[in-house]
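Here's the structure we're looking at; comments come further down.
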Amino acid sequence: RSILADPRRAEKQSRVNQSVKFREGFRPFAPAVLAEHCASWFDLDRASPYMLFVAPIADAQRIAPSEAEAAVQGLDRLKVRRSTLPAITHVDGSARIQTVDGRWSPAFRGLLEAFHRRTGVPVLLNTSFNLKDEPVVCTPADAVATFLASGMDALVLGDVLVLRPSDRPATGTLPARPATPRVVSQAWLAQFGLGGGALLALLAALQLAAARPRLGAALGVIAALLAVFGAVAPTKLARVESWASRVGHAVGRVNAAVLFGALFLLVVTPIARLRAWRHGDPLRDRRPVVGDGRWRAMSHDPNDRDAYSTWYRA
């Protein structure tokens, strides 16, 4: 469920974004690193198996930009080489790190170890196996379809290596999935007829009690028909059930929008306003600034020294 690439090659950042995942070219990628080598490549003193922590590239791996490169602005900053791992180094010199200790994924660790032996670099670019606006692949069929639609060179499924067909261009679009027909059982149609008939019979009784004889009689007739067909020939109710299902879904969407809108307006918004009035703007980061202001402590408590990483302590 990962797309992997060589982090030493600067062109991989733009290629994986634009030719493999077909998304915005400026988006950075995460490095997966052997846990015991993490401190040699990144300023991080703790495990980060789930890519939760962002840290600077280690000073020993940094490459100082020239005066001309330092003056570059905008998206051209992406082309400036800032470290020995340019494909996973963001423009601010940081990376969102994944440490790999092999406990949960020994095969992935074995791949990192093999890459380390061959290149001297215990790091791989690791990003989720999906195209833009698509979920991460879940089945072998998903993986094959995404592989063929993307610009990836090879696909590994278990112990099987699949190389890209030379006559298969990357499209960036998955093939349309066939619509799954809605299957309704006879038992459900019977339940629909009998249950719907009982509900309409109740409504008919209420209308008759409210002195609306015509509406009550009409509802009673419909209730009787539903109940009879539900008991004797439920398959005859297929079209009626399909129409009722569409109407029910439409009404459900409206009800959901109204209920959630009311929840936000009457509950969430007042609570947020009250918190903002008592504690200030919740979007303003109050964690203490460290260094030149680019980095912030991981904890809101300035006395929590254990929440500071090595570059904070330094």
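Note: hydrogens, waters and symmetry copies are ignored here, and every other heavy atom, side chains too, is used. What you see is a predicted model, and the numbers here were worked out from it, not measured in a lab. Note that the numbering runs from 1 along the sequence shown for the chain.
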Task: Steps toward side-chain contact (heavy atoms from CB on, under 4.5 Å) verdict (L200, L203) - done: CA-CA 5 Å; L200 288 180; L203 293 177; 4.0 Å; yes
I'd like to know whether R164 forms a side-chain contact (heavy atoms from CB on, under 4.5 Å) with F147, so could you lay out the CA-CA distance, the side-chain angles of the two residues, the decisive distance to 0.1 Å, and finally the verdict.
CA-CA 8 Å; R164 181 169 198 81; F147 167 63; 3.9 Å; yes
Run the numbers on L125 and D6 for side-chain contact (heavy atoms from CB on, under 4.5 Å), then give the verdict. CA-CA 6 Å; L125 182 156; D6 187 344; over 6 Å; no
| said: I'd like to know whether V54 forms a side-chain contact (heavy atoms from CB on, under 4.5 Å) with H90, so could you lay out the CA-CA distance, the side-chain angles of the two residues, the decisive distance to 0.1 Å, and finally the verdict. | reply: CA-CA 10 Å; V54 174; H90 195 36; over 6 Å; no
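The structure places CZ of F42 at 4.0 Å from CD1 of I88, a figure rounded to the nearest 0.5 Å.
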Would you give me the side-chain donor-acceptor pairs under 3.5 Å for residues 106-115, sequence neighbours excluded?
residue: R109; atom: NE; partner: E113; partner atom: OE2; Å: 2.9
residue: R109; atom: NH1; partner: E36; partner atom: OE1; Å: 3.3
residue: R109; atom: NH1; partner: V100; partner atom: O; Å: 3.2
residue: R109; atom: NH2; partner: E36; partner atom: OE1; Å: 3.3
residue: R109; atom: NH2; partner: E36; partner atom: OE2; Å: 2.6
residue: R109; atom: NH2; partner: E113; partner atom: OE2; Å: 3.4

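Between the side chain of Q13 and the backbone N or O of G25, at least one donor-acceptor pair lies under 3.5 Å. With hydrogens and angles disregarded, no donor-acceptor distance shorter than 3.5 Å links the side chain of N126 to the backbone of S2. Using modelled atom types, no side-chain atom of T127 and backbone atom of F29 make a donor-acceptor pair closer than 3.5 Å.
When the options R8, Q61, R9 are evaluated for a side-chain contact (heavy atoms from CB on, under 4.5 Å) with L85, the one that passes is R8.
Annotation: side chain of T139 is in contact with side chain of D142 (closest heavy-atom distance under 4.5 Å). For the pair N17/F26, no side-chain contact is recorded, criterion being any heavy-atom separation below 4.5 Å from C-beta on. A heavy-atom distance below 4.5 Å is found between the side chains of V121 and W41. At least one side-chain heavy atom of C138 sits under 4.5 Å from a side-chain heavy atom of R1. At a threshold of 4.5 Å between non-hydrogen side-chain atoms, the residues W188 and E241 count as touching. Residues L131 and S150 meet the side-chain proximity criterion, which asks for heavy atoms closer than 4.5 Å. For the pair L157/V144, a side-chain contact is recorded, criterion being any heavy-atom separation below 4.5 Å from C-beta on. Between S128 and K21 the shortest side-chain heavy-atom distance falls below 4.5 Å.
Under a hydrophobic-cluster definition in which Ile, Leu, Val, Met, Phe, Trp and Tyr are linked whenever side-chain heavy atoms come within less than 4.5 Å, directly or via other members, I222 and L237 are assigned to the same cluster. Linking Ile, Leu, Val, Met, Phe, Trp and Tyr residues whenever their side-chain heavy atoms come within less than 4.5 Å leaves V156 and W104 in two separate clusters. Linking Ile, Leu, Val, Met, Phe, Trp and Tyr residues whenever their side-chain heavy atoms come within less than 4.5 Å leaves I57 and M51 in two separate clusters. Under a hydrophobic clustering in which Ile, Leu, Val, Met, Phe, Trp and Tyr are joined whenever their side-chain heavy atoms come within less than 4.5 Å, directly or via other members, V254 and L263 fall into different clusters.
Salt bridge annotation for D153-R15: present, with a cationic side-chain nitrogen under 4.0 angstrom from a carboxylate oxygen. Ion pair K79/E69 not flagged as a salt bridge, since none of the NZ, NE, NH1 or NH2 atoms sits closer than 4.0 Å to an Asp/Glu carboxylate oxygen.
Checking R246 against S242 by side-chain atom types alone, a donor-acceptor pair falls below 3.5 Å.
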